[in-house]
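What you see below is based on every heavy atom in this structure, not just the backbone, and it leaves out hydrogens, waters and symmetry mates.
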Amino acid sequence: MKKVQTLFAIPYFLWLLLFVFAPVALIVFYSFLNTSGQFTLQNYDSYFTSGKYLIMTFNSVWYAFLITLITLIISYPTAYFLTKLKHKDLWLLLIILPTWINLLLKAYAFIGIFGIHGGVNKFLEFFGFAPHQILFTDFSFIVVAMYIELPFMIIPIFNALEELNPSLLSASHDLGANNIQTFIKVVLPLSMNGVKSGIQAVFIPSLSLFMLTRLIGGNRVITLGTAIEEHFLVTQNWGMGSTIGVVLIIAMIIVMILTGEKKKRGGQ
């Protein structure tokens with residue numbers, strides 16, 4: 001039996017080796033090379049001493065934080081409301097459906113919606129407002145990123161709320177707690193694992209956004225993802241691009257540790 005289990009585990013470990021560990025190892029390796037292929041620490045020195053890279057880092061974290069926060073504020077009430085509906089699976093499917101559409105197509109759709117002659121401005125003109133430049137602004141970038149990431153926040157929170165034992169809610173009410181107290185003392189703490197999973201699913205990808213910064217932000221929003229794209233595709237400075245990639249990987253690991261489920265001692 002153990003031999004069979006080992007045999008089935010081989011493809012999994014091969015996949016991890018070829019598509020997880022090997023790419024990360026290559027990124028770390030290239031981060032210590034300059035444009036001439038020589039070993040150097042100059043890339044890391046340039047990153048941590050250059051004001052522009054530190055500003056990009058702050059921008060990346062700040063925009064990722066805003067996107068995650070707004071997404072969470074919208075997603076938790078939505079997920080909570082979905083659990084109360086009769087046809088909850090159907091409504092959840094409608095929320096998931098946009099994730100089946102290519103990201104590039106959704107970005108181009110929002111270019112038409114937010115454009116100077118787009119749907120939003122046409123709607124505002126109906127009420128007598130002059131057209132506004134909504135596209136290529138921080139607002140449009142955050143809205144589009146939030147829309148794209150929304151299902152990845154709703155689903156884990158919905159699953160966490162669905163797994164709640166109804167007897168706990170009944171016990172809370174039997175002990176004299178009202179609906180608000182039950183939500184704060186019982187529902188919210190027990191659904192925090194779903195919230196943490198949602199934060200991971202939204203914050204980590206938001207750190208490295210680059211396509212939306214160009215198509216929707218109009219290069220006004222500069223993040224580390226944009227810098228990586230520039231170094232790999234434009235300047236051909238793979239060492240600097242890999243260095244930024246290593247910094248992002250470390251940042252993502254920190255986020256996963258901070259939002260990970262902490263196991264209690266004694267198996268409790």
*For Y108 and L104, run side-chain contact (heavy atoms from CB on, under 4.5 Å): C-alpha distance rounded to whole Å, both residues' side-chain angles, the deciding distance at 0.1 Å, then the answer.*
CA-CA 6 Å; Y108 277 114; L104 189 61; 3.5 Å; yes

*Under the side-chain contact (heavy atoms from CB on, under 4.5 Å) criterion, do W91 and L94 qualify, and how do the steps go?*
CA-CA 5 Å; W91 289 106; L94 294 177; 3.9 Å; yes

*asked:* Using the rule given for side-chain contact (heavy atoms from CB on, under 4.5 Å), can you reason through L207 versus L224, listing the C-alpha separation, both sets of side-chain angles and the distance that settles it, and then say yes or no?
replied: CA-CA 7 Å; L207 276 175; L224 291 179; over 6 Å; no

*Begin from the C-alpha positions of Y44 and F32 and carry the test ring pair (Phe, Tyr, Trp, His ring centres under 6.0 Å) through to its verdict.*
CA-CA 8 Å; Y44 287 94; F32 290 103; 5.2 Å; yes

*Can you check side-chain hydrogen bond (donor to acceptor under 3.5 Å, both in side chains) on S206 and Y63, steps first, answer last?*
CA-CA 8 Å; S206 298; Y63 283 117; over 6 Å; no

*From CA spacing to verdict: side-chain contact (heavy atoms from CB on, under 4.5 Å), F152, T99*: CA-CA 9 Å; F152 303 104; T99 63; 4.0 Å; yes

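No close placement of the F123 and F129 rings is indicated, their centers lying 6.0 Å or farther apart.
No donor-acceptor distance shorter than 3.5 angstrom exists from the side chain of K88 to the backbone of L82, with no hydrogens or angles considered. A donor-acceptor pair under 3.5 Å is formed between the side chain of Q181 and the backbone N or O of N178. Within the 3.5 Å criterion, the main-chain N or O of H117 finds no donor-acceptor partner in the side chain of N121. Under the 3.5 Å distance criterion, the side-chain polar atoms of S50 are left unmatched by any main-chain donor or acceptor of Y47. With hydrogens and angles ignored, the 3.5 Å screen pairs no side-chain donor or acceptor of T243 with any backbone N or O of N43. A distance-only check finds a donor-acceptor pair linking the side chain of Q133 to the backbone of L135 [under 3.5 Å].
Residue H173 places its NE2 atom among more than 12 non-hydrogen atoms of other residues, nucleotides or ligands, all under 6.0 Å distant. More than 12 heavy atoms of other shown residues, nucleotides or ligands fall within 6.0 angstrom of atom CG in L14. Summarising the local packing, OH of Y30 is surrounded by 12 or fewer heavy atoms from other residues, nucleotides or ligands at distances under 6.0 Å. For F39, the CZ atom is densely surrounded, since the number of other residues' heavy atoms within 6.0 Å is greater than 12.
The shortest non-hydrogen separation linking L212 to A145 is CD1-CA, 3.9 Å. Shown here for P23 and L18, the closest heavy-atom pair between the two residues is CD-O, 3.3 Å. Looking at every heavy atom in both residues, S31 comes nearest to S242 through N-CB, 3.6 Å. When all heavy atoms are compared, the tightest approach of I134 to T137 is O-OG1, 2.5 Å. In terms of heavy-atom proximity, L188 sits nearest to S191 at O-OG, 3.0 Å. What you find for A201 and E149 is that their closest heavy atoms are O-OE1, 3.8 Å.
At least one side-chain heavy atom of S208 sits under 4.5 Å from a side-chain heavy atom of M252. The shortest distance between side-chain heavy atoms of I55 and F58 does not fall below 4.5 Å. Within the 4.5 Å cutoff, side-chain heavy atoms of I74 are placed close to those of M146. Counting heavy atoms from C-beta on, the side chains of S172 and K185 never come closer than 4.5 Å. Looking only at side-chain heavy atoms (C-beta outward), L150 and T78 stay at 4.5 Å or farther from each other. Side-chain contact between L33 and W238 is absent, with no heavy atoms from C-beta onward closer than 4.5 Å. The closest side-chain heavy-atom distance from I154 to I157 is not below 4.5 Å. By the 4.5 Å heavy-atom criterion applied to side chains, Y147 and P98 are counted as neighbours.
Linking Ile, Leu, Val, Met, Phe, Trp and Tyr residues whenever their side-chain heavy atoms come within less than 4.5 Å leaves W15 and I27 in two separate clusters. Using a 4.5 Å cut-off between side-chain heavy atoms of Ile, Leu, Val, Met, Phe, Trp and Tyr, with links allowed through other members, F19 and I253 fall into different hydrophobic clusters.
Relative orientation of the H231 and Y53 rings is tilted, given thresholds of 30° and 60° on the angle between their planes.
Stacking of K84 on the aromatic ring of Y80 is recorded, both the 6.0 Å distance cut-off and the 45° axial limit being met.
At a cut-off of 3.5 Å, with distance as the only test, no side-chain donor of T213 or T223 sits close to an acceptor on the other residue.
The CZ atom of F127 sits 8.5 Å away from atom CG of L124, with the distance rounded to the nearest 0.5 Å. Atom CD1 of I216 and atom CD1 of I142 lie 13.0 Å apart (nearest 0.5 Å).
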